[in-house]
Amino acid sequence: MKIVVTPRGFAKCGLDNVKIIEDAGFLVEYNDTGNAYTKEEFYEKTNNADGVIVGVEPVDKEYIDAHPTVKAVVKFGVGTDNIDVEYCHEKGIFVGRTVGSNARSVAETAISFILADSKNLYESILCTKNSGWDKMTGYEVEGKTVGIVGFGAIGKKVAQMAFGLGMKVLAYDPYGVDEAFAKKFDVTSVCMEDLLKDSDFVSLHIPLTDETRDFIGMPQLEIMKPQAVLINTARGGVVNEADLFTALSQKCIRAAYFDVLTNEPPQKDEPLLTLSNFYLTPHIASRSAEAERKTAAMATQVMIEALKNQK
Ligand SMILES: NC(=O)c1ccc[n+]([C@@H]2O[C@H](COP(=O)([O-])OP(=O)(O)OC[C@H]3O[C@@H](n4cnc5c(N)ncnc54)[C@H](O)[C@@H]3O)[C@@H](O)[C@H]2O)c1
């Protein structure tokens with residue numbers, strides 16, 4: 001049986017898993033080109049594979065129908081919005097993910113956005129690079145309120161770190177907030193409206209699903225404080241970007257820090273990028289050597305277990 005691994009992170013940080021896969025009795029091929037596969041390469045390289053470990057490549061009906069040997073798909077990460085999970089299950093294909101493997105890195109990115117905002121780091125560095133010496137006055141984050149939407153692996157890590165910074169932490173998750181964890185880190189579980197109304201930072205940690213598409217639009221942005229900051233390290237699509245453009249232009253909220261966007265990379269004329277209060281990083285929240293190592297190891301284990309059960 002053959003396992004094909006497409007994410008570049010595996011070749012960079014996960015090569016010690018090659019022997020583990022081989023010792024378990026599987027052949028393994030991985031992407032060591034340094035570049036993401038094109039659609040054609042992805043289709044061709046995973047031809048005749050029994051298991052594929054994927055990044056953001058669409059594993060949709062077209063792909064599944066074109067690859068009838070595939071018995072297991074494991075996401076190198078946690079967001080399975082690029083995988084047609086329902087169709088996979090219909091076809092008897094196992095779908096796995098690496099729960100929690102990159103939670104710390106993504107949470108650190110969300111917290112970095114809060115700290116960068118508080119001390120005007122982006123503008124200050126840009127200023128000195130341009131030979132300026134403007135001393136902007138920021139604020140301390142202690143006592144400020146962060147509202148966490150989605151209290152899963154990442155949301156909980158953000159809560160823990162924010163608690164450590166002396167922030168007040170609110171959480172909204174209709175599927176349940178871990179009560180023991182909430183108690184330990186002084187997290188208050190609230191309804192979405194209260195979270196929007198009371199937070200200085202709203203940080204999104206929900207998956208992109210039919211239910212969460214456009215989860216934040218004008219009705220939600222209008223409830224937020226005018227001084228509030230929206231942070232999205234989850235997925236493009238959970239925020240209605242046209243509404244966000246309007247809200248930021250009209251100063252309905254103060255700023256937004258995003259790591260993800262509906263179209264990645266964005267078009268050159270992406271309206272949000274013209275705004276001085278919109279900050280975007282290129283989907284790097286989970287990119288740390290530690291997270292890639294953990295993700296590679298976990299994806300390997302999940303895949304081996306899945307295929308062993310199918311042998
Ligand atoms: N930017 C990045 O590099 C990066 C990296 C990892 C994950 N992510 C994104 O972050 C998301 C969260 O990751 P995670 O590891 O915490 O996943 P997780 O599955 O552990 O947690 C997701 C949480 O969202 C909750 N949720 C689902 N629907 C909700 C809704 N309508 N309202 C509020 N909460 C809801 C779930 O109950 C769950 O607790 C992923 O789905 C992925 O899209 C982004």
Side-chain angles (χ1 to χ4, degrees), residues 7-9 13 36 54-56 58 74-83 85 95-113 147-162 169-182 187 189-196 199 202-217 219-220 230-240 256-266 279-296 298-299 302:
R8 290 165 284 177
C13 301
V54 297
V56 295
V74 174
K75 172 74 185 220
F76 192 87
V78 287
T80 52
D81 45 287
N82 59 315
I83 301 170
V85 179
V95 179
R97 59 189 195 125
T98 61
V99 179
S101 68
N102 51 23
R104 180 157 190 108
S105 286
V106 179
E108 286 182 0
T109 303
I111 293 290
S112 300
F113 283 153
I148 297 171
V149 182
F151 209 60
I154 299 171
K156 283 159 86 173
K157 283 265 181 253
V158 174
Q160 187 179 348
M161 292 177 197
V169 186
L170 306 178
Y172 168 74
D173 193 322
Y175 299 101
V177 167
D178 179 339
E179 278 179 28
F181 188 95
V187 177
S189 173
V190 292
C191 68
M192 190 61 191
E193 191 169 341
D194 284 352
L195 183 143
L196 292 167
S199 297
V202 172
S203 194
L204 305 175
H205 303 290
I206 47 178
L208 175 62
T209 62
D210 290 344
E211 178 201 15
T212 61
R213 193 171 297 282
D214 288 343
F215 197 74
I216 301 288
Q220 290 72 31
L230 179 66
I231 295 169
N232 185 8
T233 57
R235 275 293 180 273
V238 301
V239 176
N240 181 311
Y257 289 78
F258 276 36
D259 181 55
V260 286
L261 218 54
T262 301
N263 294 315
E264 295 178 7
Y279 305 82
L280 179 68
T281 49
H283 205 141
I284 45 81
S286 65
R287 296 252 170 174
S288 68
E290 290 83 354
E292 291 193 341
R293 272 199 292 275
K294 275 185 266 179
T295 303
M298 211 184 277
V302 174

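Remember, it's 1-based here, ligands and their atoms both numbered in the order they're listed.
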Problem - Close side-chain approach of D194 to L170, heavy-atom, < 4.5 Å - result: no
Handout entry: Pick from H283, K75, R287: the one approaching atom 2 (C) of ligand 1 most closely through a non-hydrogen atom
Key = H283
Exercise for the section: Side-chain contact test, heavy atoms from C-beta onward, threshold under 4.5 Å: evaluate it for V158 versus I111 and give yes or no. Expected result: yes
Practice task
Look at atom 17 (O) of ligand 1 and say which protein heavy atom is nearest, naming residue and atom and giving the distance to 0.1 Å.
Solution key: R97 NH1, 4.1 Å
Practice task
Pick out which of N82, T80, T98 makes a side-chain hydrogen bond (donor to acceptor under 3.5 Å, both in side chains) with K75.
Solution key: N82
Exercise for the section: For F151, take its heavy atoms, then give the atoms of ligand 1 lying under 4.0 Å from any of them. Expected result: 39 (O)
Exercise for the section: Tell me which part of I154 gets within contact of ligand 1: side chain, backbone, both or neither, using heavy atoms under 4.0 Å. Expected result: both
Exercise for the section: Can you see which heavy atom on E292 is nearest to which on F76, and at what distance? Expected result: O-CZ, 3.9 Å
Completion exercise
Residue, atom and distance of the protein heavy atom nearest atom 33 (C) of ligand 1 read P174 CD, 3.1 Å
Problem - Contact check, side chains of R235 and R213, non-hydrogen atoms, under 4.5 Å - result: no
Fill in the blank from the handout: closest protein heavy atom to atom 5 (C) of ligand 1 is V106 CG2, 3.3 Å
Handout entry: S189: side chain to side chain donor-acceptor pair (under 3.5 Å) partners, not counting sequence neighbours
Key = none
Handout entry: Taking atom 41 (O) of ligand 1 as the reference point, the nearest protein heavy atom with its distance
Key = P207 CA, 3.2 Å
Exercise for the section: Show the numbers, then the answer: is there a side-chain contact (heavy atoms from CB on, under 4.5 Å) between H205 and T233? Expected result: CA-CA 7 Å; H205 303 290; T233 57; 3.3 Å; yes
Practice task
Any atoms of ligand 1 less than 4.0 Å from a non-hydrogen atom of T233? List them with their elements.
Solution key: 1 (N), 2 (C), 4 (C), 8 (N), 44 (C)
Practice task
Could you check whether the rings of Y279 and Y257 sit parallel, tilted or perpendicular, using 30° and 60° as the cut-offs?
Solution key: parallel
Exercise for the section: Using a strict cut-off of 4.0 Å, indicate which atoms of ligand 1 neighbour a heavy atom of Y172. Expected result: 32 (N), 33 (C)
Problem - Numbered atoms and elements of ligand 1 in range of A234, under 4.0 angstrom, heavy atoms - result: 8 (N), 9 (C), 10 (O), 43 (O), 44 (C)
Problem - Proximal atoms of ligand 1 relative to D259 (non-hydrogen, under 4.0 Å) - result: 1 (N), 2 (C), 3 (O)
Fill in the blank from the handout: Near S286 (heavy-atom distance under 4.0 Å), the atoms of ligand 1 are 3 (O), 5 (C)
Exercise for the section: Considering only non-hydrogen protein atoms, determine which one is nearest to atom 40 (C) of ligand 1 and report residue, atom name and distance to 0.1 Å. Expected result: V78 CG2, 3.9 Å
Exercise for the section: May I ask you to identify, for M192, whether its side chain, its backbone, both or neither come under 4.0 Å of ligand 1 on a heavy-atom basis? Expected result: neither
Completion exercise
Under 4.0 Å between heavy atoms, the region of F215 that gets near ligand 1 turns out to be side chain
Completion exercise
One finds that the ligand 1 atoms under 4.0 Å from a non-hydrogen atom of G152 are 16 (O), 20 (O), 21 (O), 23 (C), 39 (O)
Exercise for the section: Return yes when atom CD of E264 has more than 12 non-hydrogen atoms of other residues, nucleotides or ligands closer than 6.0 Å, and no otherwise. Expected result: yes
Problem - Min side-chain heavy-atom separation L204-L230 under 4.5 Å - result: yes
Exercise for the section: Report the nearest protein non-hydrogen atom to atom 22 (C) of ligand 1: residue, atom name, distance rounded to 0.1 Å. Expected result: H205 O, 3.7 Å
Problem - Closest protein heavy atom (residue, atom, distance) for atom 11 (C) of ligand 1 - result: I206 O, 3.8 Å
Problem - Test of proximity, A153 against ligand 1: N or O pairs below 3.5 Å - result: yes
Practice task
Report yes if the side chains of L196 and Y172 come closer than 4.5 Å at any heavy-atom pair, otherwise no.
Solution key: no
Practice task
Flag the pair D259 / I284 as yes when at least one side-chain heavy-atom distance between them is below 4.5 Å, and no otherwise.
Solution key: yes
Handout entry: Test: E290 and K294 ion pair at under 4.0 Å
Key = no
Handout entry: Protein contact of atom 37 (O) of ligand 1 - nearest heavy atom, named by residue and atom, plus distance
Key = D173 OD1, 2.9 Å
Exercise for the section: Taking only heavy atoms of N102 into account, list the atoms of ligand 1 that are under 4.0 Å away from them. Expected result: 5 (C), 6 (C)
